[in-house]
Amino acid sequence: MGKLAKFLATVLLIFISACSFSQQAEIMKLENFNQPERDLQDYKAWKNEGLLIPIRITSNDLQDWTLTTNLPSARFSVETYILHWVSADFSAGACGETKSVGSFQTTKLPDRAELVTDFPSTQDSLVQWILLKVFVKSNAKSGVIPLKITLKRNSKALEFSRKITVLDRKLEDQSEIDFNTDYWQFPVAVADYYKIKPWSQEHWKHLDTMFDQLNGINQHSITTFVFWDLYNSRVRPLDEMMIKVRKNTAGKFSYDFSVFEAYVQKAMASGIEGQIAVHNLLPWNQFAFYQDEASGNVVSISLTPGSTLYKNFWEPFLKEFSSFLRRKKWMDKTLFFFDERDPDQTLALVNWVKSVDSGFKFGYSGRFYPLLSEVMEDYSTPMNVVIDPEQMRQRILSGKFTSLYTSCFEQPSQPNNLVVSDYRNTYFLAMLAKSKGYNGMLRWAFNLWSSDIMNSAIYGDVPSGDAHFVYPKGQLSVRYLVLQDAIEEIGKFQMKSKLQNSEAFYTSLNRYFLINIEAERYATVKLIKEYLND
């Protein structure tokens, strides 16, 4: 073959490759989007259950596309999410200074999920991910239902054919499933992102969205503060406090609970009614804040728990706060929450607070201490903690809330809900919590957003995804949607447990080595999901 012929053949090959590449799509497994695999399997679903179907599109242009399915709207509903690329790093296990001084591999992953209702929709990159949420309505007929997904761009079309086997079982509504979450809220961070005044009318609209999102994952607790947020890392104006604390020239404190009241009422109106968790009584930086009437300035004061200065500051607050809570009939569901603090210091503080008003209740996240368990209405422990069966039985019998949490400390091979985590970990964590007899899962941050959170989840002091679970503009994350799906799996587990002996599966989930061995962990999740759809 001559040089000209070889050149033309090469050009033709490139042209053919470009044409074929211009519109390709594949249905992918809902596992690890950093190392995606094609999914050729059909689906099984209960009635009143959602199915998540990821699709990856590759193209050499950004032309408009449309997506349709053949499913009848009377029996199914379909939500389409465009997944946007977000920068992330592989820094699991690195917290605080370890993270800030470290160097970690970075990547981009499709984590930000935007619900799309208007078509056509334009891609924002040459590789575009879509996530379909197919909801099987309660009135769907049992049996095998053909599923056809059609993607169109200009005159070209791609079709996927699958089958959905609708089982003759009906799942409870998600809100009725006995599994709760506690994602700590950062409402002032929301205001900072949008560059608006905290507690302004515009701010409250964004918080309505936040509470609706929280209610969508069975949120149990309303996160509240005495000052601005959990950590109060900088001094802000008085009118941005959740509870305004003032000190007059005579040295007397006064408190304005109006923002606290409005915040709690909005949360309750959204369906979050389990408890009101109040932070800042034992903060990490030991600072408290108030406005000094004489100077008009907000003053920070360092308080050592148990000291006279500490008691002089907090005792009048506790008395006024208990009166307010009783007037609102909220005392019984309010608790002061402590985050991984010294157990002896925590217990001493609990006893002192109860000496002021015995009606106050408490919550704690951290290692399990039997003495603390006796006084904690809510106790959240890391996944590697094994609570003595008798102590766990006592918590259940007394109606106390117990949950599991993960944080930045979990190592790369351990399950977590980070941007780079394999989604099978979310199912495992939910199943593990249920198998331990817990009420659900806790996470320290729902929306502690950086200014560039729409594009980057890389933080200076925590791994990517540790500080947020949703995005601005009402957008979710893939992790959020997977958690919803995992809660549905818990609902199946509960319903099947009533009919069959599930002790073997509880035992299987509690094998300690699963926390550290990914292959065995994922195999266990697969086995249990198959059992639930058997």
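Given the structure is predicted, the values throughout are model-derived calculations rather than measurements. Scope of the values below: all heavy atoms of this structure, side chains included, with no hydrogens, waters or symmetry mates.
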Fill in: Candidate pair N439 and S403, rule side chain to side chain donor-acceptor pair (under 3.5 Å), full reasoning
CA-CA 6 Å; N439 303 90; S403 62; over 6 Å; no

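In K108, the NZ atom is not crowded: 12 or fewer heavy atoms of neighbouring residues, nucleotides or ligands sit closer than 6.0 Å. Enclosure of atom CZ in R511 by more than 12 non-hydrogen atoms of other residues, nucleotides or ligands within 6.0 angstrom is indicated. Within 6.0 Å of CD in E97 there are 12 or fewer heavy atoms belonging to other residues, nucleotides or ligands. Applying the 6.0 Å contact sphere to CD of E530 captures more than 12 heavy atoms from other residues, nucleotides or ligands. More than 12 heavy atoms of other residues, nucleotides or ligands lie within 6.0 Å of CZ in F160, so this atom counts as buried by the packing criterion.
With hydrogens and angles left out, the side-chain atoms of K47 and S142 include a donor and acceptor closer than 3.5 Å. Residues S421 and N416 bring no donor and acceptor atom of their side chains to less than 3.5 Å of each other. Counting only N and O atoms by type, the side chains of R443 and T406 include a donor and acceptor under 3.5 Å apart. Donor-acceptor pairing under 3.5 Å is lacking for the side chains of D173 and S175. The closest side-chain donor-acceptor pair between T346 and R341, if any, does not fall under 3.5 angstrom. Side-chain contact, N215 with S270: no donor N or O sits under 3.5 Å from an acceptor N or O. Defined by atom type and a distance below 3.5 Å, a donor-acceptor pair is present between the side-chain atoms of Q185 and Y263.
Proximity of D178 to Q494: side-chain heavy atoms (C-beta onward) are separated by under 4.5 Å at one or more points.
For residues 419-475, the set of pairs meeting the disulfide (SG to SG under 2.5 Å) definition, not counting sequence neighbours, is empty. Pairs of residues two or more places apart, or lying in two chains, that qualify as disulfide (SG to SG under 2.5 Å) and include a residue from residues 372-444 are C95-C408.
A cation-pi arrangement, defined by a distance under 6.0 Å to the six-membered ring centre and an angle within 45 degrees of its axis, is absent between K434 and F179.
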